[in-house]
Structure formats: structure tokens, C-alpha cells
Amino acid sequence: MSTMTIKALTPIALAVLMLAQPALAWTQSGTPPASSKQVSNAPTTQQLDKLVSNYYQNDQPGATVIVIKDGKTLLRKAYGIANLAKAEKLQADHVMRLGSITKQFTAVAILQLVEAGKLSLNDPVTRYFPDFPESAKQITVEHLLTHTSGIPSYTGKPGFVAGAGKDISVQEMLDSFKNDALEFEPGTAWKYNNSGYFLLGALIEKVSGESYANYVAKHLFEPLGMKHTAYENFERHPQMKALGYSKRTENFEPSIVISMTQPYAAGSLCSTVDDLAKWDAAVSAGKLLKAEHWKRAFTSYKLKNGQDTNYGYGWGVGQFEGQAMLSHGGGIPGFSTFALSLPKDHVYVAVLTNADGGLAQPEMVASRLAASAIGKPIPEFKAVKLDEKALDRFTGVYRIDDKNRRLIVREDDKLVMTRTDGPRTVMQAYSSNGFFKDNNSLLRVEFAQNSQGEVTGLTVHQNGTSIVHPKLNEALPQAPKAFEMSAEQFAVFEGDYQIQPNFILNVRREGTRYITQATGQGTVGIVPVSADTFKAPDVGAQLKFEKDTEGKVTQLILTQGGRDIPAKKVK
């Protein structure tokens, strides 16, 4: 799972257990890092330490961090607290849940079995699971590895969060989603999918004759000396574990209980930054698999229409500051993680945090560390003031593709960027043509202009990649016209709406503002656009209230990210 994490889709969206969305990751280097090679232009340990120290506090959950370059450790340190109740400090060798970083281990196990002749990447799922429906005959093992199977992800199904603490057998979980209708024809689209990797775990057990926990221990961890990596609850050696936390209120609280039978091969592993560094060194050296299979694992899978997915087998495949990058993130109750590898410069960075929210994002911290390690540090921007006339030059419509646009509008002394049906991002200037979100984000935008001073396009920089969007001669769409609604009319909508047990969306009025607030999250303003529908422009969402025959409000439908999520009124 891209990491398992109870995580809100946005400030007002459904909390779902995400075995976490991957960030783009490592590509093949083909040669082991040269431990004797002189490190050039490498930052000092003190510089890297100072960078990370800015993001984690001594009295809160924190992170374990490792930065490797050319086989040399530039930084290995822990920040924050492992156990708040006991005020126990985090140590660099504390064990953390990995969440969806688990997927790369599952993928390598599958490729080992391919090399052993026990299965083929082109085998249909039904060859091993004949009780799956006819539609599964189209799904191959490779589709499962690349998130292109079309099987709905079980972690996104209603009721998943409520039942996350229950132990479940592999067969019971397979039965829970095997008959679900496919979301698309296999191989025609990419959609992150924990069901696929759960199924791969079951496949490992079926063809190897070993449990998933025993297989990865015997064939991956033990040969590489990874003593502190295991399927949680199947540890082979004593472990010093950090506790996991969530920030559902102003304070950090112990995360919800989750049975690790549920993430399974999609997100159940736990490890340390030291073991992850061993793993990356082994991968870089081409151990465990033949070169041809490492190459396939680190090659972006192409859809039937030829489009790249930027995902291989268990690794995201992308670019970072002009070079290839392999990476993956993870989110699971109590923990959020990210690891990346830059094969060209022999750099590896892992950041494991013991909170699933409320801390600096591990991807952002890891990216800043990697950029510093290759001598291209990402600056900490300072806001500058531009007058309204200067800002108005940048407003307009910019092309993403045939259907989608980036919209830039001015609000007072800032620019606001949105994309088609997406959330708002408020940007502040750091130069005459450069804008950034904040220093907890890697997102920044630079506008280009021609010799006449006319703005011709914008470049979005994020996570080491740069995407150019040309400016179009299109008018900005009209903002939804606010519907006149009195406080008395609004009163019928006020109350609590249950999305999941223990996850409530509260709708209320504060002064002249209409707002909504999800459990443990901040407030979000909503604007009426009709007698029963409200927009939440800051997060790209809509709330539509439904009434019974007597005119009593019974539920709302939250529309966000292409999903319609019902929530019954409970108060």
C-alpha cells in the first residue's frame, strides 16, 4: 500500500487507510556504490542535521533519517520522541512501520519466483485463483505489480477503516473484493491499488509453499543481514519499536489499532533506516535478481495506448534534478515514510516518521536532503511584495492537456493557483516572476515572458521535476455565483454527518461564515451555490445535501477527487 495510513484525502475528505501513494523512485544503476570513492561536494553532517532539525521538535513524535552517498553515511540520526507517555527519545535504530514501501519487497519476491520458473509475469490471475470471476482472466501478474489491473482497492471501500483492527485471513480478504467489478480494462489505466499487492502476497504463498512472512524473511532479509526488518508480529530478533501517533486534535494521540493481516503484502513490513540502507546497497549491486529483472522493475510500465505510468514494479520511476530517481512512500496508522534513490550519484535517503500526520512530510524532507547531497540544495524562500499590477500580469489560463487547465487568479497580494476541479493553492512571491507555497512544500512556480514582456507560460517545479504549461488565449471561467442564503435557511443543514465510525464531518456557522470541519482537521469554508449545494473551493470539493419527503435533511454527498461519498446526518 503506498503506505498504510489513516489519512484524510484532503482537509475535508474521507479518512481512508492508504497503503500509501508512491512518490517516484529509484532506477537501476547496475553497479554497486563504491565505498572507497572520495565523496565530492558532499554537505557536512552538521549541515544536513541542521536542515532536518528545522522540521521536528524535541517534545513531539519525529523521524529517523539516513543519507548515504557513494557508500558513505552522511547523516544517520533520530529526531523527536518514540514514546510520549514515557518521554523516550527516538533512536536511529528504532523500528518503524514502512507502510507501502513494503511493495518493493513483495515485487522482488515475485520476480524471484519468476526466475525460479514457478510463475510468469504474463500469467492470468485465474491460473492461480480459479475462483476469481471471468473478468480476472484479463488480469496478469504484471498488471498487479504495476497498479494497472482495474481491481478496486479494498482500502477505499466503505467500512474499511471501521474494521481495520480486525484480524482477517488471506482468503477472507480475497473474497471481500474478488467479485468487485473492474474499474477499467486491465492495462488501459493506472490507479494505485492495494488489492493488487494483497493478491501478490497470496500468490507468493501459493507458488512457494511458504507464508508471506517466512518467504520474505528467508529469501530477502536474512541473506542481506536485515535483522530488524520483518512482517510485523513475525520478528526474528528483539526489536526496539517506536510507537505511532496521529494528530486528531491539537495534540498527538496514539494511532488507531490496525491488524497487520489487513495491509499484508501491500504494507505490513517494519524496518529501520539502517536496514533500508542495506536493502538499497544490495539492490544497487544487482543482488537477489538477474539484471534483466532489475531493469524491468525500474522501467516505467506503459499502458496500451503507449502512455507512461511512471511506476515500475514496486517502485515509482521518475526524475529528480535532471537525473533518474526511484522512490516510494508509505502511510499507515501511526507512521508516514519515504525513501528515494538516485543511482547516478549513488545517493540514498530514507525518512521514517512515527506520526501519520501533523509533521513535516517525509517526502519533502527526503527531497531536500537528496538535493543537498548532490550539491543542488533547495533554497528556503523568503516572501517579497509585488504590487497588484505586477501580479495581474500572471493571471490567466494555462494548458495541462486537452481537458485540464491551470488557472491563476489574484487575491489581494497573492496569486491563487488551481487546476481543473482541483483544490486552491495560495502562492506568495519570492522574486519578480517566481512564487512558492511555503517552506514546508517543494512546490514553486516560475512564469516565462517574451521580449515584449508578455507572459507566455509557467513552469511548475515540484519534487525535482519541472513541467511547462503554455499560457492560452482563454478567458478565466466565472467563479460559481454565490447563492443568497440566510442564517435561518442554513440552519437546517447544520449538524454532524458520519462518513465512517469515529470520522464525522461537522457543518456549522461561525459568524457570517459557513464552514465544515472533519474529525481532527481544520475548518474549511463552504459557499452556497444553490438551495442545497455548497462548494469548498479551497479543497476542490462539493457538498450536496439531501432531504426526505418531509423536507428533513438526512445526509450529504461529498464529491471530491472524482468520488461521491455519502455521509448520513447523525445530529
Side-chain angles (χ1 to χ4, degrees), residues 5-18 152-166 246-251 253 255-258 331 333 356-358 421-424 480 482-571:
T5 183
I6 287 285
K7 177 177 182 179
L9 296 177
T10 70
I12 66 168
L14 169 65
V16 294
L17 192 55
M18 291 182 62
S153 185
Y154 68 92
T155 54
K157 296 178 68 171
F160 174 72
V161 175
K166 178 185 176 183
S246 301
K247 197 171 186 181
R248 293 186 287 270
T249 61
E250 291 299 313
N251 301 312
E253 303 172 4
S255 64
I256 67 164
V257 174
I258 177 173
D356 52 36
D421 296 326
R424 294 159 31 99
F483 180 82
E484 294 294 332
M485 181 176 291
S486 67
E488 290 74 19
Q489 290 172 308
F490 179 76
V492 299
F493 304 118
E494 291 187 276
D496 290 339
Y497 297 80
Q498 181 174 288
I499 293 178
Q500 293 281 3
N502 302 317
F503 191 77
I504 300 296
L505 198 62
N506 175 260
V507 177
R508 65 182 185 272
R509 179 170 63 91
E510 289 187 354
T512 59
R513 294 181 66 227
Y514 301 142
I515 65 172
T516 185
Q517 184 174 20
T519 302
Q521 300 178 13
T523 60
V524 175
I526 54 176
V527 180
V529 293
S530 73
D532 61 5
T533 304
F534 293 72
K535 295 286 187 182
D538 286 351
V539 295
Q542 173 183 285
L543 302 179
K544 182 177 177 59
F545 294 85
E546 296 184 345
K547 298 178 180 179
D548 60 19
T549 55
E550 298 177 354
K552 182 180 179 181
V553 175
T554 57
Q555 70 171 2
L556 64 78
I557 305 297
L558 167 65
T559 301
Q560 189 175 38
R563 298 177 63 196
D564 293 330
I565 304 166
K568 291 185 178 180
K569 191 171 186 181
V570 293
K571 187 173 68 172

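What you are looking at is a predicted structure, and each value in this text was computed from that prediction instead of being measured. The chain is numbered in sequence order, starting from 1.
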- Task: Check Lys535 against Val529 and note the closest heavy-atom contact, atom names and distance.
- Result: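 Closest heavy-atom pair between Lys535 and Val529: CG-CG1, 3.6 Å.
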- Task: Might you point out which heavy atoms bring Met485 and Pro528 nearest each other, and give the distance in Å?
- Result: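 Minimum heavy-atom separation between Met485 and Pro528: CE-CB, 3.9 Å.
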All side-chain contact (heavy atoms from CB on, under 4.5 Å) counterparts of [X], not counting sequence neighbours:
X	answer
Ser486	Glu488, Gln489
Gln555	Glu546, Ile557, Pro566, Lys568
Lys547	Phe493, Val553
Asn251	Thr249

Can you tell me how far apart [atom1] ([X]) and [atom2] ([Y]) are? Round to the nearest 0.5 Å.
X	Y	atom1	atom2	value
Thr554	Asp548	OG1	CG	6.0 Å
Asp532	Lys544	CG	NZ	3.5 Å
Arg508	Thr516	CZ	OG1	8.0 Å

- Message: Which residues pass the ring pair (Phe, Tyr, Trp, His ring centres under 6.0 Å) test with Tyr514, not counting sequence neighbours?
- Response: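 Once residues adjacent in sequence are excluded, the partners of Tyr514 under the ring pair (Phe, Tyr, Trp, His ring centres under 6.0 Å) criterion are Phe490.
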- Message: If the condition is ring pair (Phe, Tyr, Trp, His ring centres under 6.0 Å), which residues does Phe483 pass it with, not counting sequence neighbours?
- Response: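 Expected list: none.
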- Using modelled atom types only, decide if a donor and an acceptor are shared between the side chain of Lys552 and the backbone of Val492 within a distance under 3.5 Å.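 Side chain of Lys552 to backbone of Val492: no pair is present.
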